[in-house]
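Keep in mind that the numbers below use all heavy atoms, side chains included, and drop hydrogens, waters and symmetry copies. Note on naming: letters A, B, ... go to the chains in the order of the sequence lines (proteins, then strands), and numbering restarts at 1 for each one.
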Protein chains: 2
Amino acid sequence: MARRNYHHGELRAALLDAAEALVRERGADGWSLREASARVGVSSSAAYHHFASRDALVRALRRRVLGELGERLSQEVGRAAGPEAGGDLQRRLVAVGRTYVQWAVDDPSVARLAFGAGAPAGDPASDSTSDAATPPHPHDVLDAELDLLVEVGGLPAAARPGADFVVWAAVHGLATLLVDGLARLDDPRAVAREAERVVRAVLTGLTHEAVPSQGWPTPHSAHTERRTGRGAGK
Amino acid sequence: MARRNYHHGELRAALLDAAEALVRERGADGWSLREASARVGVSSSAAYHHFASRDALVRALRRRVLGELGERLSQEVGRAAGPEAGGDLQRRLVAVGRTYVQWAVDDPSVARLAFGAGAPAGDPASDSTSDAATPPHPHDVLDAELDLLVEVGGLPAAARPGADFVVWAAVHGLATLLVDGLARLDDPRAVAREAERVVRAVLTGLTHEAVPSQGWPTPHSAHTERRTGRGAGK
DNA sequence: CAGACCATCTGAACGCTGATCGGATTGGAG
DNA sequence: CTCCAATCCGATCAGCGTTCAGATGGTCTG
């Protein structure tokens with residue numbers, strides 16, 4: 001970890017680790033590139049061989065952290081039984097929402113960094129090191145679950161277009177309000193309760209809404225514009 | 001505006017104005033206290049006679065901006081006819097949500113600053129200059145409208161506790177996603193449409209939800225903890 | 001009208017920051 | 001073994017937030 005020789009060998013990853021630790025200790029912005037470099041045992045200018053700027057480091061860390069969140073959402077949604085089994089069709093989506101909010105509340109500083117401005121779109125030539133099959137973006141997990149819900153009849157197909165947007169907004173909003181301190185929940189158990197309530201309310205509302213006879217320009221992938229050419233290599 | 005004499009006279013307000021302009025020009029964090037001071041025509045150290053730190057300036061600006069949003073929400077909700085008149089009981093709340101999101105999208109940098117971490121709670125001894133009857137916090141407007149909706153039968157009283165939380169989360173989430181660039185809407189008309197849909201979905205969902213037989217520790221003012229002793233000084 | 005008071009503002013300074021650059025160090029390819 | 005390109009160092013730059021002793025001048029007291 002500390003330092004082997006003149007050449008570090010894993011500086012990029014080490015810097016990301018140090019930055020993440022600093023974010024956890026001192027807040028999303030309460031740290032400097034110099035500090036992260038020093039912690040790794042390297043001069044501050046060395047960092048510029050791996051990141052074009054401090055902001056590039058932040059963006060890379062944001063990408064990594066969002067990927068971890070996406071993976072955790074996938075796992076958690078897998079842990080929840082499929083909707084065919086039980087009678088509760090919405091269970092899996094509730095799990096997604098609960099996990100999303102809980103993740104943010106458990107690690108507010110990291111979440112603030114992950115949710116910060118600057119969409120993870122943009123430079124597509126950054127994942128030079130194809131460490132792992134690019135992890136799913138949180139929104140992708142949500143999208144897939146909504147499709148599944150429609151499939152099993154838990155949501156009218158007419159309400160599907162843009163539904164990801166509505167659900168995402170509700171869940172993300174709850175997470176953001178809590179993480180930014182605009183709203184507070186005393187009881188830690190209340191977080192899960194609120195997340196569940198928000199997801200259920202939104203899904204119920206989408207199910208019962210007056211069908212929008214028109215107004216959706218494209219199926220649903222044009223509303224959310226993210227890095228193109230994600231999954232399905234080749 | 002520029003400078004009268006050695007003593008400025010309105011430095012505090014002038015600094016807030018300059019900071020707001022800089023936020024609009026260069027982003028929520030792309031400016032310095034020195035720059036704001038220079039723009040006003042004052043040395044940077046002069047600012048410290050009116051704000052304890054740069055962060056204090058930011059907090060004050062946040063408070064001011066959130067107050068303006070609150071007032072705008074009040075106005076807009078007044079412009080929408082009362083629910084007794086027409087058949088659409090939710091119209092006023094939809095107006096609140098639409099205005100909230102539109103405000104954020106129209107001025108993303110200012111919104112990012114307003115929504116930023118650091119709740120506007122804390123120092124209650126800052127409004128020394130009682131310029132105007134303290135403007136309503138956006139959440140207060142929402143709260144009042146929800147009460148009104150219950151009154152006219154647009155929402156079951158059982159669903160009321162914590163409903164402000166759910167609606168706020170949905171609307172705030174949509175605004176945040178758009179402002180932070182995590183999601184994008186091409187058509188500017190789509191913003192209003194999405195805001196409406198989110199509010200309606202949540203309200204419908206809250207109306208139809210299985211009544212939570214328990215779980216709400218206090219009416220509703222304990223979940224959101226904000227500056228105490230708001231109106232009615234002394 | 002004189003004088004003192006004191007909030008306000010200045011200018012220089014401190015330590016820190018992100019960023020750049022020439023030069024030292026090294027692992028690995030030829 | 002030699003050379004190259006990647007990597008890292010150390011010094012340096014302008015700019016940042018913040019502090020502090022001192023200049024300034026409106027206002028209140030006599």
Side-chain angles (χ1 to χ4, degrees), chain A residues 1-23 25-62 113 116-118 123 125-126 128-129, chain B residues 1-23 25-62 113 116-118 123 125-126 128-129:
Chain A
M1 199 66 78
R3 187 71 176 280
R4 289 200 298 259
N5 265 333
Y6 186 90
H7 284 60
H8 186 286
E10 297 279 5
L11 225 201
R12 196 191 142 91
L15 282 173
L16 285 173
D17 291 343
E20 183 171 348
L22 281 169
V23 166
E25 292 172 25
R26 300 229 246 294
D29 250 345
W31 54 279
S32 62
L33 203 165
R34 291 172 116 101
E35 210 169 350
S37 305
R39 185 169 289 207
V40 173
V42 134
S43 87
S44 66
S45 50
Y48 287 87
H49 288 269
H50 301 271
F51 302 98
S53 65
R54 193 200 113 114
D55 197 60
L57 205 187
V58 169
R59 279 197 305 268
L61 181 55
R62 177 178 301 143
L113 180 125
D123 55 329
S126 65
S128 52
T129 54
Chain B
M1 197 75 74
R3 187 70 176 280
R4 289 200 298 258
N5 266 333
Y6 188 90
H7 284 59
H8 186 286
E10 297 280 3
L11 226 200
R12 194 190 144 92
L15 282 172
L16 286 172
D17 291 343
E20 184 170 349
L22 281 168
V23 165
E25 292 173 26
R26 299 230 247 293
D29 249 345
W31 54 280
S32 62
L33 202 165
R34 290 172 117 102
E35 209 169 352
S37 305
R39 186 169 288 208
V40 175
V42 134
S43 86
S44 66
S45 49
Y48 287 86
H49 287 269
H50 300 272
F51 302 98
S53 65
R54 192 199 115 113
D55 196 60
L57 205 187
V58 170
R59 280 197 305 268
L61 181 55
R62 178 178 301 142
L113 181 125
D123 54 330
S126 64
S128 52
T129 56

Whole-Å distance separating the CZ atom of Arg34(A) from the P atom of dC16(C): 10 Å

Is there a side-chain polar atom (N or O) of Ser32(B) under 4.0 Å from OP1 or OP2 of dC16(D)? yes

So, taking the atom named OG in Ser53(A) and the one named CG in Leu33(A), what distance separates them when rounded to the nearest 0.5 Å? 8.5 Å

In terms of heavy-atom contacts, Ser44(A) and Arg34(A) come closest through CB-CG, 3.8 Å

Nucleotide dC16(C), atom C1' - distance to CG of Leu33(A) in whole Å: 13 Å

For Phe51(B), the side-chain contact (heavy atoms from CB on, under 4.5 Å) test, sequence neighbours excluded, returns Arg12(B), Leu15(B), Leu16(B), Ala56(B), Leu57(B), Ala60(B)

What pairs of residues pass the salt bridge (charged side-chain N to carboxylate O under 4.0 Å, His left out) test when at least one of them lies in residues 42-57 of chain B, not counting sequence neighbours? Asp29(B)-Arg54(B), Asp55(B)-Arg59(B)

Expressed as a whole number of angstroms, how long is the span from Leu15(B):CG to dG17(D):P? 12 Å

Rounded interatomic separation in angstrom, taking CD from Glu10(A) and C1' from dA6(D): 15 Å

With respect to the side chain of Val42(A), which nucleotide from dG17(D), dC9(D), dG11(C) is positioned closest? dC9(D)

In residues 44-57 of chain B, which ones come under 4.0 Å of DNA chain D, going by heavy atoms? Ser44(B), Ser45(B), Tyr48(B), Ser53(B), Arg54(B)

side-chain contact (heavy atoms from CB on, under 4.5 Å) partners of Arg39(A), counting only residues at least two apart: Ala18(A), Ala21(A), Leu22(A), Glu25(A), Arg26(A)

CH2 of Trp31(B) versus C1' of dG17(D): gap in Å, rounded? 12 Å

side-chain hydrogen bond (donor to acceptor under 3.5 Å, both in side chains) against Ser45(B), all qualifying residues, sequence neighbours excluded: Ser43(B)

